[in-house]
Engineer: 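Next up is a structure, given as C-alpha cells.
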Amino acid sequence: MSLPQEIDIAILGAGLAGLSITSWLDELAPADASLPRLLLLEAREEDTHDRTWCFWDQVAHPFKDAISHRWPSWQVGNAGEQVEYSDPNHPYAMLSADAMRRSAYSRIAKRNEFTLIRGIKVDAITPQSQSLRITTSQGHLNAKVVIDTRPPPLSALAQLQGVWQVFHGAVVYQPNHGYDLSKARLMDFQTGHNGIHFIYLLPLDENHLLVEWTCFDVDRHSEACKNLLTDKLPWMLASWLDEHLGKGWVVQRSEIGCLPMMPVTPPHLNSRYLSAGIRGGWMRPATGYMFASCQQALPI
Ligand SMILES: Cc1cc2nc3c(=O)[nH]c(=O)nc-3n(C[C@H](O)[C@H](O)[C@H](O)COP(=O)(O)OP(=O)(O)OC[C@H]3O[C@@H](n4cnc5c(N)ncnc54)[C@H](O)[C@@H]3O)c2cc1C
C-alpha cells in the first residue's frame with residue numbers, strides 16, 4: 001500500500017498502545033460517524049505470537065471478548081508457603097496478543113478512515129508549522145497529529161534511575177500437571193539467587209501452564225543481563241520445571257522480556273506530538289503493569 005501525502009492522525013507502531021488507541025476510537029464513535037483519517041505505521045511485516053497480556057480485569061476496555069482465561073484467586077509465596085486472596089469480582093485475566101490483534105484488525109478493516117501499513121519503519125519526525133513531517137523507509141508524509149508508540153529512546157528513561165524487569169517464560173505442556181485452575185501464582189520467590197527472583201505460574205488448562213522466571217537488573221546492556229536472557233533464565237526455568245513438574249514437560253511457546261521499571265520522560269516535539277505506551281510512561285512496576293494503564297491513559 002502506498003503512503004498518503006497527508007493524514008489527520010498518524011500512529012507510529014501497531015503494538016499494544018497503538019492498537020488500543022485505534023480500538024478505543026472505533027469503540028467510542030458511532031458506527032456512522034465520520035472520523036479523522038488515521039494511519040498506523042508498523043515496522044513488523046508479520047505478527048508473532050510473542051506475548052500475552054495479563055491484568056486485573058477491572059477497567060473498561062474494548063477487548064473483553066478476547067480474554068481467554070480468568071483466575072478468581074491469586075497467590076504470593078515464599079519457601080513453599082503460599083498466601084492466597086480471592087475476589088471473583090476482580091479476576092486476574094489473560095489476553096493473548098494474537099486475539100487482541102485480531103480484534104483490533106477487524107475494527108480497522110470496518111472503518112474506511114483507518115489504515116494500517118506494515119513493514120514500514122519510521123525514521124524521524126520533524127515539526128512543521130501546522131503539521132509534523134514523518135520520514136519513513138518508504139518516503140515522507142505530513143500528519144496533523146502524531147501519536148508515537150515506538151520504544152522510548154534510552155535518553156527518555158529518566159537518566160536510567162531504576163531497574164529492568166527481565167524474564168523468560170514458557171507455555172508448557174505437561175498432562176495432568178495438578179495445579180489448581182482457579183489460582184494464579186503471581187510471585188513465588190526463589191531463594192539462593194543474587195537479588196529478587198520469582199516464578200510466575202498461570203494454569204491454562206489441565207495440561208498446560210504459563211510459567212515465567214523473573215528477576216531484575218540495573219543495566220540491560222551489560223554482559224550479565226544479556227547472559228541472563230540467553231542462558232541463565234532458560235536454564236533456571238528448566239531446572240524449576242524438572243523439580244516441580246517432573247520429567248516429560250514440553251515447551252510449546254516461549255517469551256522473553258526486558259522492561260523498563262523506571263520513570264520515562266516522554267520526548268516532546270510540540271503540541272501536535274504525543275507519546276503513548278511504554279514511550280509515554282504508561283508502564284507501572286507491578287503485575288498487570290501495562291495493559292490496564294494503557295486502557296486508561298489514552299491521549300485522545
Ligand atoms: C513477553 C512480554 C510479556 C508481557 N506481558 C505483560 C503482561 O502480562 N501484562 C502487562 O500489563 N504488560 C506486559 N508486558 C509489557 C507491555 O504490556 C508490553 O511490552 C506492551 O506490548 C507495550 O506496549 P507498547 O505499545 O508500548 O509497545 P509495543 O507493543 O512493543 O508496540 C510498539 C510497536 O512499535 C513498532 N515499532 C518499533 N519501532 C518502529 C519504527 N521505527 N517504525 C514503526 N514501528 C515501529 C514495534 O514493531 C511494535 O509493534 C509484556 C511485555 C513482553 C515483552
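The structure displayed is predicted, hence computed values, not measured ones. Remember, it's 1-based here, ligands and their atoms both numbered in the order they're listed.
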Engineer: For ligand 1, which atoms, with element, lie under 4.0 Å from some heavy atom of R150?
Structural biologist: 38 (N), 39 (C), 40 (C), 41 (N), 42 (N), 45 (C)
Engineer: Please confirm whether I256 approaches ligand 1 to less than 4.0 Å, judged on its heavy atoms.
Structural biologist: yes
Engineer: Under a 4.0 Å threshold between the charged nitrogen and the carboxylate oxygen, would R253 count as salt-bridged to E255?
Structural biologist: yes
Engineer: Considering only distance and modelled atom types, tabulate donor-acceptor pairs under 3.5 Å from the side chains of residues 29-40, sequence neighbours left out.
Structural biologist:
from: R37; atom 1: NE; to: D8; atom 2: OD2; distance (Å): 3.4
from: R37; atom 1: NH1; to: E6; atom 2: O; distance (Å): 3.2
from: R37; atom 1: NH2; to: D8; atom 2: OD1; distance (Å): 3.4

Engineer: Looking at every heavy atom in both W213 and M236, which two are closest together, and how far apart are they?
Structural biologist: CZ3-O, 3.6 Å
Engineer: Decide yes or no for Y92 and P72: does some side-chain heavy atom of the first lie under 4.5 Å from some side-chain heavy atom of the second?
Structural biologist: no
Engineer: Going by the order shown, which atoms of ligand 1 are within less than 4.0 Å of some heavy atom of T149?
Structural biologist: 32 (C)
Engineer: May I ask you to list the atoms of ligand 1 that are less than 4.0 angstrom from any heavy atom of I278?
Structural biologist: 19 (O), 22 (C), 26 (O)
Engineer: If we set the cut-off at 4.0 Å for heavy atoms, which region of L41 has an atom near ligand 1: side chain, backbone, both, or neither?
Structural biologist: backbone
Engineer: Measure F55 to ligand 1 on non-hydrogen atoms and call it side chain, backbone, both or neither using the 4.0 Å cut-off.
Structural biologist: neither
Engineer: By number and element, which atoms of ligand 1 are closer than 4.0 Å to a non-hydrogen atom of G277?
Structural biologist: 26 (O)
Engineer: Please work out whether any backbone atom (N, CA, C, O) or any side-chain heavy atom from C-beta onward of M290 is under 4.0 Å from ligand 1, and answer side chain, backbone, both or neither.
Structural biologist: both
Engineer: Below a 4.0 angstrom heavy-atom separation, can you tell me which part of R279, side chain or backbone, both or neither, approaches ligand 1?
Structural biologist: neither
Engineer: Side chain or backbone of A292 under 4.0 Å from ligand 1, or both, or neither, by non-hydrogen atoms?
Structural biologist: neither
Engineer: Below 3.5 Å, N or O to N or O, backbone or side chain included: is there any such pair between L16 and ligand 1?
Structural biologist: yes
Engineer: Quick one: which ligand 1 atoms are inside 4.0 Å of a heavy atom on F167?
Structural biologist: 1 (C), 2 (C), 3 (C), 52 (C)
Engineer: Would you say V122 and ligand 1 have an N/O pair spaced under 3.5 Å apart?
Structural biologist: yes
Engineer: Is it the case that one hydrophobic cluster holds both V59 and I67, taking links as side-chain heavy atoms less than 4.5 Å apart, direct or via other members?
Structural biologist: no
Engineer: Can you confirm whether more than 12 heavy atoms, excluding those of N194, are under 6.0 Å from its CG atom?
Structural biologist: no
Engineer: At under 4.0 Å between heavy atoms, which part of T52 makes contact with ligand 1: side chain, backbone, both or neither?
Structural biologist: backbone
Engineer: Look at ligand 1 and say whether L259 reaches it with a heavy atom at a distance under 4.0 Å.
Structural biologist: yes
Engineer: Taking only heavy atoms of M283 into account, list the atoms of ligand 1 that are under 4.0 Å away from them.
Structural biologist: 15 (C), 16 (C)
Engineer: Within the 4.0 Å heavy-atom shell around K121, which atoms of ligand 1 are there?
Structural biologist: 41 (N), 42 (N)
Engineer: Examine F291 against ligand 1 and note whether any of their N/O atoms are separated by less than 3.5 Å.
Structural biologist: yes
Engineer: Heavy atoms only: give me the nearest C294-L16 pair and the separation to one decimal.
Structural biologist: SG-CG, 3.9 Å
Engineer: Does D123 pair with R133 as a salt bridge, N-O distance under 4.0 Å?
Structural biologist: no
Engineer: Group every Ile, Leu, Val, Met, Phe, Trp and Tyr by side-chain heavy-atom contacts under 4.5 Å, then state whether L237 and Y173 land in the same group.
Structural biologist: no
Engineer: Less than 3.5 Å between some nitrogen or oxygen of Y200 and one of ligand 1, yes or no?
Structural biologist: no
Engineer: Need the ligand 1 atom indices (1-based, order shown) with element for anything under 4.0 Å from a heavy-atom of D50.
Structural biologist: 1 (C)
Engineer: Between R44 and E42, is there a salt bridge with N-O shorter than 4.0 Å?
Structural biologist: yes
Engineer: Any N or O on E255 sitting closer than 3.5 Å to an N or O of ligand 1?
Structural biologist: no
Engineer: Might you point out which heavy atoms bring F55 and A292 nearest each other, and give the distance in Å?
Structural biologist: CB-N, 4.4 Å
Engineer: Test of understanding: given a 4.0 Å heavy-atom threshold, classify the contact between I120 and ligand 1 as side chain, backbone, both, or neither.
Structural biologist: backbone
Engineer: Determine whether L202 and L181 fall in the same hydrophobic cluster, where Ile, Leu, Val, Met, Phe, Trp and Tyr are linked whenever their side-chain heavy atoms lie under 4.5 Å apart.
Structural biologist: no
Engineer: I256 pairs by side chain to side chain contact (heavy atoms under 4.5 Å, CB included) with which of E212, R51, H168?
Structural biologist: H168
